[in-house]
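Below is one structure, written out as structure tokens; the observations come after it.
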Amino acid sequence: MPSDTPVLARWLIGKTLVRETAQGRTAGTIVETEAYVPGDAAAHAFIGRTARNNSLFLPRGHAYVYFIYGMHFSLNVAGERAGVGGGALIRALEPVEGIALMQARRGTQRLTDLARGPGRVAEAMAIDRALDGVDLCVRASGLWLADAVRPVGDVGTSVRIGISKEAERLLRFYERGNPHVSGTRRLRM
DNA sequence: AGTGCGATTGACT
DNA sequence: GTCAATCGCACTA
């Protein structure tokens, strides 16, 4: 049974993630993702459907927001058919709109510190549990995916970051040479 | 009811 | 480079 999630994860590179709140609008170009696929021991869906990972089993295009390490939220885009379980983790954005608001949320001015890393993406975009399960193809969700706002560069592939199981899988995708991508030098080139 | 730990980050040596 | 912070969840009993 083929999985669509790696295709989605690669497709997301260059697309725009937009967040609308009472504070204003923030948006960024997605520059780094990771795919977590069915049968993947590193995936949150691997243990089966639970209250926590339920949104990963929604149809492709829904948000799965999880809380980790007692302090960070992370955003995934569900990537499979309903009931299958898989998603693309949004690991980094290049800020595009609402930069002052992102700076205020993050408590830093430096552009490359605003959304480089999944926890930072969530903080800069004010993403929390309230957005778990929303449809990212609907603007009324307050968080949605939009077309690219600029040409997209070469997309590189690498091993995933921060996991121990199935670490050898080449399921991380990123825009080559972009300074807003996380990881070590080797994983950014 | 208790336990162990995670798809991370930021502060510090 | 190393390490603490901090909490919800899955698992054991």
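Chain naming here is simple, since letters A, B, ... match the order of the sequence lines and numbering starts at 1 in each.
- Scanning atom types as modelled, no donor and acceptor separated by under 3.5 angstrom connect the side chain of Y69(A) and the base of dA5(C).
- Within 4.0 Å of I163(A), counting heavy atoms only, lie sugar-phosphate atoms of the nucleic acid but no base atom.
- Screening E168(A), E166(A), R91(A), K165(A) against R160(A) for a side chain to side chain contact (heavy atoms under 4.5 Å, CB included) leaves a single residue, E166(A).
- For dA7(B), the OP1/OP2 oxygens have no side-chain nitrogen or oxygen of R52(A) closer than 4.0 Å.
- The separation between I161(A) atom CD1 and dT8(B) atom P is 8 Å, rounded to whole Å.
- At whole-Å resolution of the value, NE2 in H72(A) and P in dG8(C) are 14 Å apart.
- At a threshold of 4.0 angstrom between heavy atoms, the contacts of R160(A) with the nucleic acid are absent.
- Within 4.0 Å (heavy atoms only), R172(A) reaches no atom of the nucleic acid at all.
- The closest side-chain donor-acceptor pair between R105(A) and T21(A) falls under 3.5 angstrom.
- Residue Y64(A) comes nearest to H44(A) through the heavy atom pair OH-ND1, 2.8 Å, listed as atom of the first residue, atom of the second, then distance.
- Remark: the Q103(A) side chain and the R110(A) side chain contain no N/O donor-acceptor pair separated by less than 3.5 Å.
- Contact annotation: R120(A) reaches the phosphate of dG10(B) (side-chain N/O to OP1 or OP2, under 4.0 Å).
- The side chain of T50(A) approaches dA10(C) more closely than any other nucleotide in the set dT9(B), dA10(C), dT8(B).
- E80(A) and T5(A) share a donor-acceptor pair across their side chains, judged by distance under 3.5 Å alone.
- Side-chain proximity of P118(A) to the nucleotides dT9(B), dG10(B), dA10(C) is greatest for dT9(B).
- Within the shown strands, dC7(C) is the pairing partner of dG6(B) under the Watson-Crick or G-U definition, both distances less than 3.5 Å.
- Residue R129(A) has its side chain nearest to dG8(C) when only dG8(C), dA10(C), dT6(C) are considered.
- The Y64(A) side chain lies nearest to dA7(B) when the options are dA7(B), dG10(B), dT8(B).
- Where stacking is scored as ring centres under 5.5 Å apart with planes under 30°, F67(A) does not register as stacked on the base of dG8(C).
- The gap from the C1' atom of dC3(C) to that of dC5(B) amounts to 16 Å, rounded to the nearest Å.
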